[in-house]
Amino acid sequence: MRFRQVHLDFHTSEAIPGIGTRFDKRQFQEALRIGHVDSITVFSKCHHGWAYHPSKANEMHPHLDFDLLGSMIEAAHEIGVKTPVYLSAGLDEKLALRHPEWLIRSQDDRTRWVDSFLKPGYHEFCFNTPYLDILLAQIEEVTREYDADGIFLDIVGVRQCCCAACISELRRRGKDPRRAEDVLELGEETYARYVRRVREVVHGIKPGLPIFHNSGHVRRGRRDLARANTHLELESLPTGGWGYDHFPLSARYVQQLGMPFLGMTGKFHTSWGEFGGYKHPNALRYEAALSLANGAGCSIGDQLPPDGRMDEATYRLIGAAYREVEAKEAWCRDAVNVADVAVLTLEALQSEQGEERTGLSDTGAVRMLLEGHILFDVADLETDLTPYRVVVLPDKVRIGEELGHKLNAYIAQGGRVLATGCSGLNEQGDAFALDLGVRLVGENPYRPDYCRPSFPLPSLGEAAFVCYAPGLSVELSGGKELAARENPYFNRDAFAFCSHQHTPNSGEYGGPGMAASDAGIYIAWNVFEDYAVKGSLFLKELVLHALNLLLPSKTVDTGLPAQGVTTVQRQPGSGRYVHHLLYASPVKRGSGIEVIEDIVPLRDVTATLALPEPVKRIYLAPQMEELPFERTGERSVRYTVPEVTCHQMVVLEV
């Protein structure tokens, strides 16, 4: 898989004339050279439904008079750039107007994406209608007729549809279209059939050609959906609705699946389709480096103007990032993440449903681990837990029989858990399924209430700290109390309230708030959800204290500040580890868009690494400068990185 991809959109209305009139082969090639691009996803079919090449399976854009797709493929291949080909699979607006009966419908008969034909926007198709055969013919045509280096199919996934065709099929099977479970079951089957038929069409013509089905998010815990693809592209535009929390969470799950993958961001200040919007070059530098540090290649989204002339400012912007990526690729290929901790994702347990790409508890957990510079993976129910020293159960992990056996076996062989909130309870929620040193009393009746740690926190010392999130009332059952719960005088109410926000602490003891046992540590609040929403510093320091107790010796210890990111990637085939250090600080602008502008260099960043093999040499990459180090143990080394400007790799040969 190439490391420096551009995903080139071209969703172009039939109301715009002169399509592609300024396309110029040399200018197209020069833009790719300026951008240091080695792969570009070019387009066969857009969301408006038009083809950008002569077509029997579709209709060419009415204002295009030449083969734009073929011209782009020829121009790119001439300079060694690969060309996966894009088709909008779920959207085809010209066809939506002709066959609205083929569109996905909700139970109240609304369409998906936009719910009316009187609003600007697209309408999504159901694959349980004749539309699927039309789409397959389009895919077959472009696979057969063009030298595509892959097929990218957009706006697809498991959908719940109540169109006439789906209702009819459900009733034929004796199912109830008003029952969400029955509708979802048909949606799963419809998507699986679509994936199978696409694979048969594409690989029947070109065996092994890469195929990716994009739904905007790779669902954690659905390995079957991930493996419907030959590779993965993690769409994650920080300014486009995904935020800077999404990519690390997604990548730390995906890398362990053993599939090649890209991190996809965008050149836009906001999101897709923003003409004239440009991200700061430092933001793209950081986002590309973050992909490399998490074992991914890079993809940057762009949109070609209707006249077909590549926007040169965009490719200067992309080139600022990809020039650096090109120099770093050798130390990023075939990398395996090194992790001390596994976070069992709630998304895999279906504890947090809906359209969220992250989920509050998963987000809070990953944010804390990143800021605490703890090396981690994101695990699902299929993950082998034995390599990890600690498993984090964030806030709502109920324990069924199979998971209980797995966790108890893990604990018996020396692993430890950090459980918070309702995590560790049985599926009924009436008792703990894991022996965490506490016994359930019930739901905590106070919200908010207070946590008083028995140890001073690094930045705040000793105090009783407000906890906004819900939690459980517990009592000790063999565990050791590390923090107490203290109750407010009363819950805030119309007839009993105090001050502007919530009731002050009464000092009344409410039972243990944090307890240690042989199995690990339990914290009685939904601390990760609380951190994702409120960001209270004490919550992070509470969790990091727990992890430091459970991890007395960590793989990495670094002097990076909290906004720094560190990972360690192993390259087994090269006999080396690569320590990535990144630093940038997103700030919120406007209505909440996170922007990276200034990159502040960090000087003399210390690091200690404990690896399973003795280190023989350390150097900075890509500079190839030797880095002095001292041995602090048989397999432990300490060194100082003279400067980290955005991203620095330290290579440890073993």
Side-chain angles (χ1 to χ4, degrees), residues 1-5 217-220 226 231-238 242-266 283-300 321-322 324-325 328-343 345 347 357-358 362-363 365-380 383 387-388 555-556 558 560 563-572 576-584 586 596 609 621 644 646-651:
M1 175 173 283
R2 298 286 176 93
F3 266 72
R4 290 168 279 121
Q5 181 157 300
H217 171 66
V218 175
R219 185 170 175 84
R220 301 182 294 280
H231 67 285
L232 297 172
E233 303 191 27
L234 306 187
E235 186 177 2
S236 188
L237 283 62
W242 286 258
Y244 278 98
D245 289 319
H246 176 263
F247 177 74
L249 171 55
S250 194
R252 291 279 36 83
Y253 173 69
V254 161
Q255 191 178 8
Q256 62 176 304
L257 302 184
M259 301 176 68
F261 71 107
L262 299 170
M264 181 192 288
T265 183
L284 270 191
R285 290 175 61 210
Y286 176 77
E287 290 159 20
L290 192 62
S291 285
L292 298 181
N294 283 280
C298 307
S299 178
I300 297 173
Y322 276 178
E324 296 180 7
V325 172
K328 298 171 182 176
E329 288 178 19
W331 293 276
C332 303
R333 295 189 183 280
D334 304 317
V336 179
N337 189 52
V338 176
D340 294 326
V341 172
V343 178
T345 170
E347 189 176 47
R357 296 185 178 108
T358 51
D362 283 355
T363 295
V366 166
R367 194 181 294 170
M368 283 190 190
L369 294 175
L370 286 171
E371 292 175 0
H373 308 133
I374 306 291
L375 302 183
F376 69 96
D377 280 332
V378 174
D380 62 14
T383 303
Y388 303 101
T555 296
V556 66
T558 175
L560 279 173
Q563 290 302 311
V565 171
T566 193
T567 67
V568 177
Q569 300 281 332
R570 180 170 63 94
Q571 288 185 294
R576 63 194 180 203
Y577 292 78
V578 182
H579 181 200
H580 294 263
L581 301 98
L582 299 92
Y583 182 74
I596 292 174
L609 254 69
V644 176
C646 187
H647 177 220
Q648 180 62 60
M649 298 185 296
V650 179
V651 183

Practice task
Go through His246 and Ser236 one step at a time and tell me if the side chain to side chain donor-acceptor pair (under 3.5 Å) criterion holds.
Solution key: CA-CA 7 Å; His246 176 263; Ser236 188; 2.8 Å; yes

Practice task
Can you measure from OG (Ser291) to OH (Tyr286) and round to the nearest 0.5 angstrom?
Solution key: 10.5 Å

Practice task
Return yes if some donor-acceptor pair links the side-chain N/O of Asp340 with the main-chain N/O of Thr555 below 3.5 Å, else return no.
Solution key: yes

Practice task
Would you name the heavy atoms of Phe3 and Arg333 that are closest together and state the gap between them?
Solution key: CE1-NH1, 3.2 Å

Handout entry: Value rounded to 0.5 Å, distance of CH2 in Trp331 from CZ in Arg576
Key = 7.0 Å

Handout entry: Shortest non-hydrogen contact from Leu292 toward Cys332
Key = CB-SG, 3.9 Å

Fill in the blank from the handout: Closest non-hydrogen contact found for Leu370 with Phe376 is CD2-CE2, 3.8 Å

Problem - With Tyr322 via side-chain hydrogen bond (donor to acceptor under 3.5 Å, both in side chains) - residues at least two apart - result: none

Handout entry: Results of ring pair (Phe, Tyr, Trp, His ring centres under 6.0 Å) for His647 - residues two or more places apart only
Key = His580

Completion exercise
So CG of Leu581 and CE of Met649: to nearest 0.5 Å the spacing works out to 11.0 Å

Exercise for the section: Please name the pair of heavy atoms, one in Ala226 and one in Val218, separated by the smallest distance, quoted to 0.1 Å. Expected result: CB-CG1, 4.3 Å

Exercise for the section: Would you name the heavy atoms of Gly263 and Ala296 that are closest together and state the gap between them? Expected result: N-CB, 3.8 Å

Fill in the blank from the handout: Taken in chain and number order and not counting sequence neighbours, the residues that satisfy salt bridge (Lys or Arg N to Asp or Glu O under 4.0 Å) with Arg367 are Asp245

Exercise for the section: State whether the side chain of Asp380 and the backbone N or O of Thr383 hold a donor-acceptor pair below 3.5 Å, judged by distance alone. Expected result: yes

Practice task
Could you list the residues that satisfy side-chain hydrogen bond (donor to acceptor under 3.5 Å, both in side chains) with Arg2, not counting sequence neighbours?
Solution key: none

Handout entry: For Tyr244, all residues meeting side-chain hydrogen bond (donor to acceptor under 3.5 Å, both in side chains), sequence neighbours excluded
Key = Glu287

Practice task
Kindly indicate whether the side chain of Val254, heavy atoms from C-beta on, has any atom under 4.5 Å from the side chain of Met259.
Solution key: no

Practice task
With sequence neighbours excluded, tell me which residues meet side-chain contact (heavy atoms from CB on, under 4.5 Å) with Ala251.
Solution key: Leu234, Phe247, Phe261, Asn294

Problem - Partners meeting side-chain contact (heavy atoms from CB on, under 4.5 Å) with Pro387 (sequence neighbours left out) - result: Asp384

Problem - Backbone N/O of Leu262 and side chain of His231: donor-acceptor pair under 3.5 Å - result: no

Exercise for the section: State whether the side chain of Gln571 and the backbone N or O of Ala330 hold a donor-acceptor pair below 3.5 Å, judged by distance alone. Expected result: yes

Problem - Atom pair CG/CG of Asp362 and Leu249 - distance to nearest 0.5 Å - result: 5.5 Å

Handout entry: All side-chain hydrogen bond (donor to acceptor under 3.5 Å, both in side chains) counterparts of Gln255, not counting sequence neighbours
Key = Arg252, Gln569

Problem - Minimum-distance pair of heavy atoms, taken over all atoms of Leu290 and Val565 - result: CD1-CG1, 4.1 Å

Practice task
Please check if the side chain of Glu347 supplies one atom and the backbone of Arg219 the other of a donor-acceptor pair under 3.5 Å.
Solution key: no

Exercise for the section: For Ser250 and His217, test the side chains for any donor-to-acceptor distance below 3.5 angstrom and give the result as yes or no. Expected result: no

Completion exercise
Here the gap from Leu284 atom CG to Ile596 atom CD1, rounded to the nearest 0.5 Å, amounts to 9.5 Å

Practice task
Taking the side chain as every heavy atom from C-beta outward, state whether Pro586 and Gln563 have any atom pair closer than 4.5 Å.
Solution key: yes

Exercise for the section: Give, for atom CD of Glu324 and atom CZ of Arg4, the distance between the pair rounded to the nearest 0.5 Å. Expected result: 12.5 Å

